[in-house]
*Asks:* 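One structure, as structure tokens, below. Some questions next.
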Amino acid sequence: MKKNYIHICIQLCFSMLITLILVKSCYSNTHQIKGLTKARLSTSECKLIKDPLGASCIPLQPQRIIALDQTMMAALLALDLKPIAATQPNMAGSIIPKLVQKAEGIVSLGKDSQPNIGKMVQLKPDLILGFFISDEEYKLFSQIAPTIRLNYIQTAWRDALLRIAKITDKSGQAQKILEQYQQRIQELRAVVNNQLAKTTVSISRFYAGKQVSEFRTKYSFPDSLLTEVGIRLPEI
């Protein structure tokens with residue numbers, strides 16, 4: 001009986017010690033992350049940017065941006081801003097290999113649903129951007145660097161691009177992109193009117209190995225582009 005009592009006491013003490021170590025470690029990491037962010041922002045000029053989850057003071061010209069989805073990464077690359085790191089889609093493959101040199105050197109943070117927090121801290125970003133950040137992730141990422149979550153509607157991609165450009169001081173570049181895009185639309189419209197006036201196009205997407213398919217509507221990004229060009233979409 002006495003031996004069992006001593007054994008139980010030892011187990012309890014050991015459990016309490018492990019818990020104390022874990023708690024201390026978590027507190028230390030959180031304190032370190034907060035200290036890193038505050039120290040960096042206190043020595044740099046910044047501007048206040050509001051988003052649906054709050055407000056962040058970000059550098060006037062951020063240099064070390066993390067993109068938390070590849071839609072954001074593509075927008076940044078279009079603005080001649082190469083993010084230092086980006087996540088990868090949960091089901092589809094990364095588009096980084098298709099972009100070749102333009103995306104060379106971008107560090108992978110793992111899947112969208114579970115980015116590597118330790119790697120994010122090590123990279124010392126000065127801005128974190130994403131379209132699909134949860135409330136809990138926002139609170140966590142904001143301890144690493146100023147974090148902005150933007151709304152994204154597929155047919156309103158221009159608004160998203162202009163918003164990103166304003167945040168990153170690239171409004172001039174965004175306007176240039178939109179002008180080039182509009183010129184290209186006019187060129188393609190001429191081709192469609194001459195050669196494809198009676199053509200109807202449907203867009204589908206299939207994820208390899210996931211048995212998941214997507215059938216796009218006129219409210220999706222790719223179908224909205226076809227509509228602008230003048231290609232007809234099926235009603236169903």
Side-chain angles (χ1 to χ4, degrees), residues 33 36-37 40-41 44 46 49 56 58-133 137-138 140-142 144-150 152 154 157-185 203 205-210 214 220-222 225:
I33 291 173
L36 175 66
T37 303
R40 184 167 59 254
L41 289 178
S44 64
C46 64
I49 299 292
S56 299
I58 71 167
L60 297 179
Q61 293 182 323
Q63 301 296 316
R64 299 184 60 78
I65 306 174
I66 283 180
L68 287 176
D69 53 79
Q70 297 212 333
T71 302
M72 179 63 71
M73 180 192 72
L76 290 170
L77 288 174
L79 294 169
D80 292 331
L81 286 170
K82 182 185 289 187
I84 58 172
T87 56
Q88 298 181 17
N90 293 322
M91 293 192 295
S94 172
I95 64 172
I96 288 180
K98 299 179 178 67
L99 298 173
V100 196
Q101 293 182 351
K102 197 170 180 88
E104 187 177 1
I106 296 178
V107 176
S108 172
L109 294 173
K111 296 296 185 180
D112 290 344
S113 59
Q114 199 170 15
N116 189 320
I117 305 299
K119 191 175 289 186
M120 289 174 67
V121 174
Q122 291 174 357
L123 289 170
K124 298 181 180 180
D126 55 13
L127 178 61
I128 299 173
L129 293 173
F131 287 114
F132 313 106
I133 304 174
E137 288 174 329
Y138 180 87
L140 176 60
F141 299 153
S142 294
I144 301 172
T147 301
I148 304 292
R149 184 182 79 180
L150 286 80
Y152 181 67
Q154 293 197 29
W157 60 269
R158 289 180 182 82
D159 296 337
L161 179 65
L162 290 171
R163 176 70 170 153
I164 297 167
K166 184 177 181 181
I167 291 171
T168 57
D169 196 30
K170 287 283 187 174
S171 295
Q173 178 74 4
Q175 290 296 340
K176 182 179 178 181
I177 290 170
L178 294 178
E179 289 170 7
Q180 292 172 341
Y181 169 80
Q182 202 57 45
Q183 182 179 353
R184 182 62 173 156
I185 288 292
I203 296 182
R205 183 178 186 178
F206 298 89
Y207 296 101
K210 294 291 183 178
E214 288 182 355
S220 69
F221 173 70
L225 300 187

*Asks:* Among all residues two or more places apart in sequence or in another chain, which pass the side chain to side chain donor-acceptor pair (under 3.5 Å) test with D69?
*Replies:*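 With sequence neighbours excluded, D69 shows a side chain to side chain donor-acceptor pair (under 3.5 Å) to no residue whatsoever.
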*Asks:* Applying side chain to side chain donor-acceptor pair (under 3.5 Å), name anything that partners T87, two or more places apart in sequence or on another chain.
*Replies:*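 Residues passing side chain to side chain donor-acceptor pair (under 3.5 Å) with T87: D112.
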*Asks:* Which residues pass the side-chain contact (heavy atoms from CB on, under 4.5 Å) test with K166, not counting sequence neighbours?
*Replies:*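 Applying side-chain contact (heavy atoms from CB on, under 4.5 Å) to K166 gives S171.
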*Asks:* R64: which residues meet the salt bridge (Lys or Arg N to Asp or Glu O under 4.0 Å) condition with it, sequence neighbours left out?
*Replies:*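 In terms of salt bridge (Lys or Arg N to Asp or Glu O under 4.0 Å), with neighbours along the sequence ignored, R64 is linked to no residue.
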*Asks:* Identify all side-chain donor-acceptor contacts of residues 71-86 below 3.5 Å with residues at least two apart in sequence or on another chain.
*Replies:*
residue: D80; atom: OD2; partner: Q173; partner atom: NE2; Å: 3.1
residue: K82; atom: NZ; partner: E104; partner atom: O; Å: 2.8

*Asks:* Looking at residues at least two apart in the chain, or sitting in another chain, which of them share a salt bridge (Lys or Arg N to Asp or Glu O under 4.0 Å) with R184?
*Replies:* E187
*Asks:* Go through the structure and list residues passing side chain to side chain donor-acceptor pair (under 3.5 Å) with S108, not counting sequence neighbours.
*Replies:* Q88
*Asks:* According to side chain to side chain donor-acceptor pair (under 3.5 Å), who are the partners of S113, at least two apart in sequence or on a separate chain?
*Replies:* N90
*Asks:* Kindly write out the residues that satisfy side-chain contact (heavy atoms from CB on, under 4.5 Å) with E179, not counting sequence neighbours, or none if the list is empty.
*Replies:* none
*Asks:* List for me each residue that meets salt bridge (Lys or Arg N to Asp or Glu O under 4.0 Å) alongside R149, sequence neighbours excluded, and say none if there are none.
*Replies:* D135
*Asks:* Checking F131 now: which residues fulfil ring pair (Phe, Tyr, Trp, His ring centres under 6.0 Å) with it, not counting sequence neighbours?
*Replies:* Y152
*Asks:* Y181: which residues meet the ring pair (Phe, Tyr, Trp, His ring centres under 6.0 Å) condition with it, sequence neighbours left out?
*Replies:*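 For Y181 the ring pair (Phe, Tyr, Trp, His ring centres under 6.0 Å) partners, ignoring immediate neighbours, are W157.
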